[in-house]
Amino acid sequence: MAMKMKVFHYPEKGKIATFTSGLAAEFQVKVDKIPPAYDCNRERLLFLGISSGKMIDDTLSRYLRGLDTERVQHVAIFTDAADSTVEEMKALVTAAGANVIDVKKVKGSFFSFLTSVKPEEMEDLKAWANGIVAQLQD
């Protein structure tokens, strides 16, 4: 049985968008931006691809604060953000009620118009994501 999940990214450009498209294809789900056109509704798992600097902007912060258990049970984040920003993201999601199951650091690009991802980077991300899905299906 397929697990109810979604894949979102923030912002809409750069390597993070390429990573989310790869995960969406892997699990045969649609990818959407934050804030999404169709938000979560009792999803079992939400993969969030987030590119951020040392601060979380207001749009992303508001979205993370709204991830309660009515929307999603587990959140897995892949990001190129600084460690302090990752901790802040985790705190916002946890305070809202969802469980942050794992965080994976990915290599971002300095320029947002660069979107290419090496095949080994994509395979590494897919392996990580498949591990999380397998863990939740046990």
List in chain and number order the residues that pass side-chain hydrogen bond (donor to acceptor under 3.5 Å, both in side chains) with Thr69, two or more places apart in sequence or in another chain; answer none if no residue qualifies. none
Contacts of type side-chain hydrogen bond (donor to acceptor under 3.5 Å, both in side chains), residue Glu123, not counting sequence neighbours: none
Quick one: side chains of residues 23-33, donor-acceptor pairs under 3.5 Å with protein atoms, not counting sequence neighbours, listed by atom name and distance.
{"residue": "Glu26", "atom": "OE2", "partner": "Asn130", "partner atom": "ND2", "Å": "2.9"}
{"residue": "Asp32", "atom": "OD2", "partner": "Ala37", "partner atom": "N", "Å": "2.7"}
{"residue": "Lys33", "atom": "NZ", "partner": "Pro35", "partner atom": "O", "Å": "3.4"}

Would you compute the distance between atom CG of Leu67 and atom CZ of Phe8 and round it to the nearest 0.5 angstrom? 9.0 Å
Should Met3 and Gln137 count as side-chain neighbours, where that means a heavy-atom distance under 4.5 Å? yes
Sequence neighbours excluded, which residues qualify as side-chain hydrogen bond (donor to acceptor under 3.5 Å, both in side chains) partners of Lys4? none
Do the side chains of Leu125 and Met5 join up, straight or via other hydrophobic residues, at under 4.5 Å, putting them in one cluster? yes
Provide the closest heavy-atom pair for Asp124 versus Lys104 in the form atom of the first, atom of the second, distance. OD2-NZ, 2.8 Å
Side chain proximity check, Ile50 to Ile77, heavy atoms < 4.5 angstrom: yes
Gap separating the OG1 atom of Thr20 from the CD atom of Glu12, nearest 0.5 angstrom: 10.0 Å
Exercise answer: donor-acceptor pairs, residues 92-103 side-chain atoms, under 3.5 Å, sequence neighbours excluded:
{"residue": "Thr94", "atom": "OG1", "partner": "Lys90", "partner atom": "O", "Å": "2.8"}
{"residue": "Asn99", "atom": "ND2", "partner": "His74", "partner atom": "ND1", "Å": "2.9"}
{"residue": "Asp102", "atom": "OD2", "partner": "Trp128", "partner atom": "NE1", "Å": "2.7"}

Taking Ala81's backbone N and O only, do any of them form a donor-acceptor pair with Ser52's side chain (distance below 3.5 Å, no angle check)? no
Could you grab the distance from atom CZ of Arg65 to atom CD1 of Ile56, nearest 0.5 Å is fine? 8.5 Å
Which residues pass the side-chain hydrogen bond (donor to acceptor under 3.5 Å, both in side chains) test with Glu121, sequence neighbours left out? Lys15
Looking at Asp83 and Lys105, is there a salt bridge between them, counting it only when a charged N and a carboxylate O are closer than 4.0 Å? yes
Results of salt bridge (charged side-chain N to carboxylate O under 4.0 Å, His left out) for Asp68 - residues two or more places apart only: none
Can you tell if the side chain of Asp80 reaches within under 4.5 Å of the side chain of Phe19, non-hydrogen atoms only? no
Pairing residues for Glu70 by the salt bridge (charged side-chain N to carboxylate O under 4.0 Å, His left out) criterion, not counting sequence neighbours: Arg42
Could you tell me if the side chain of Lys6 sits less than 4.5 Å from the side chain of Val72, heavy atoms only? no
In short, ring-ring contact (aromatic ring centres under 6.0 Å, His included) pairs touching residues 78-107 with sequence neighbours left out are none
Do Val86 and Ile132 sit in one hydrophobic cluster, given that two such residues count as connected whenever their side-chain heavy atoms are within less than 4.5 Å of each other, even indirectly? no
Do Met89 and Leu64 touch side chain to side chain, with heavy atoms closer than 4.5 Å? yes
Spacing of CD1 belonging to Ile16 relative to OH belonging to Tyr10, to within rounding of 0.5 Å: 13.0 Å
Rest of the hydrophobic cluster containing Tyr38 (Ile/Leu/Val/Met/Phe/Trp/Tyr, side-chain heavy atoms under 4.5 Å)? none
Gap separating the CD1 atom of Ile34 from the OG1 atom of Thr59, nearest 0.5 angstrom: 10.0 Å
Any pair counted as salt bridge (Lys or Arg N to Asp or Glu O under 4.0 Å), so long as it reaches residues 48-60, sequence neighbours left out: Asp58-Arg62
To the nearest 0.5 Å, tell me how far Met55 CE sits from Ser84 OG. 10.0 Å
